[in-house]
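Keep in mind that what you see is a predicted model, and the values were worked out from it rather than measured.
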Amino acid sequence: MGIALSGCVTSEPVAGPLSGEFEAKNATALLQNVNSLGLKCWIKSGDKAFRGLALVPELDTRSGSPRILIVQKGKSQGLPQMVIEANGKPVKLQTYGPLTASPLSTRINSDIIAWNTGKDRC
């Protein structure tokens, strides 16, 4: 399931994998924004939906695309539950992994869209 995000944002949350273009300086800047707000709003807020999860940013990559891994807390070397990856110009973002098939993907997708279209609150 894909969604075009340049200039048009749907108000209805999208479940499943997220794929679309965002207006951003570059992929790393977009993911830094997601990481900062994700830590604040998902992990450190005590949100029950994210209990047991952690964010692992891999933004300084020499090969491949910058990405953020959502992993089980304490298992940063384990299989990611979700990968949020961005690349290119215009910046294309996509998510994949087991969490995209869960109800939590609606919340994650909605937050990513909101945070990268001007909102900076939880």
Tell me, do [X] and [Y] make a side-chain contact under 4.5 Å, heavy atoms counted?
{"X": "D60", "Y": "T28", "answer": "no"}
{"X": "V83", "Y": "I70", "answer": "no"}
{"X": "V34", "Y": "D111", "answer": "no"}

Drop me the distance from [X]'s [atom1] to [Y]'s [atom2], to the nearest 0.5 angstrom.
{"X": "D120", "Y": "N33", "atom1": "CG", "atom2": "CG", "value": "8.0 Å"}
{"X": "L59", "Y": "L31", "atom1": "CG", "atom2": "CG", "value": "6.0 Å"}
{"X": "S45", "Y": "K40", "atom1": "OG", "atom2": "NZ", "value": "10.0 Å"}

**Message:** Strictly by disulfide (SG to SG under 2.5 Å), give each pair with a member in residues 53-121 just once, sequence neighbours left out.
**Reply:** none
**Request:** Keeping to residues at least two apart or across chains, list the side chain to side chain donor-acceptor pair (under 3.5 Å) pairs with something in residues 47-59.
**Result:** D47-R107, E58-R67
**Request:** Walk me through it: do L18 and I113 pass the test side chain to side chain contact (heavy atoms under 4.5 Å, CB included)?
**Result:** CA-CA 9 Å; L18 178 64; I113 292 167; 4.1 Å; yes
**Prompt:** What residues, two or more places apart in sequence or in another chain, satisfy ring-ring contact (aromatic ring centres under 6.0 Å, His included) together with W42?
**Reply:** F50, W115
Residues which pass side-chain contact (heavy atoms from CB on, under 4.5 Å) with [X], listed by chain and number, not counting sequence neighbours:
{"X": "N35", "value": "L39, L55, P57, I68"}
{"X": "S65", "value": "E85, N87"}
{"X": "T100", "value": "P17, M82, T95"}

**Request:** With L30 as reference, evaluate I84, N116, I112 under the side chain to side chain contact (heavy atoms under 4.5 Å, CB included) test and give the passing residue.
**Result:** N116
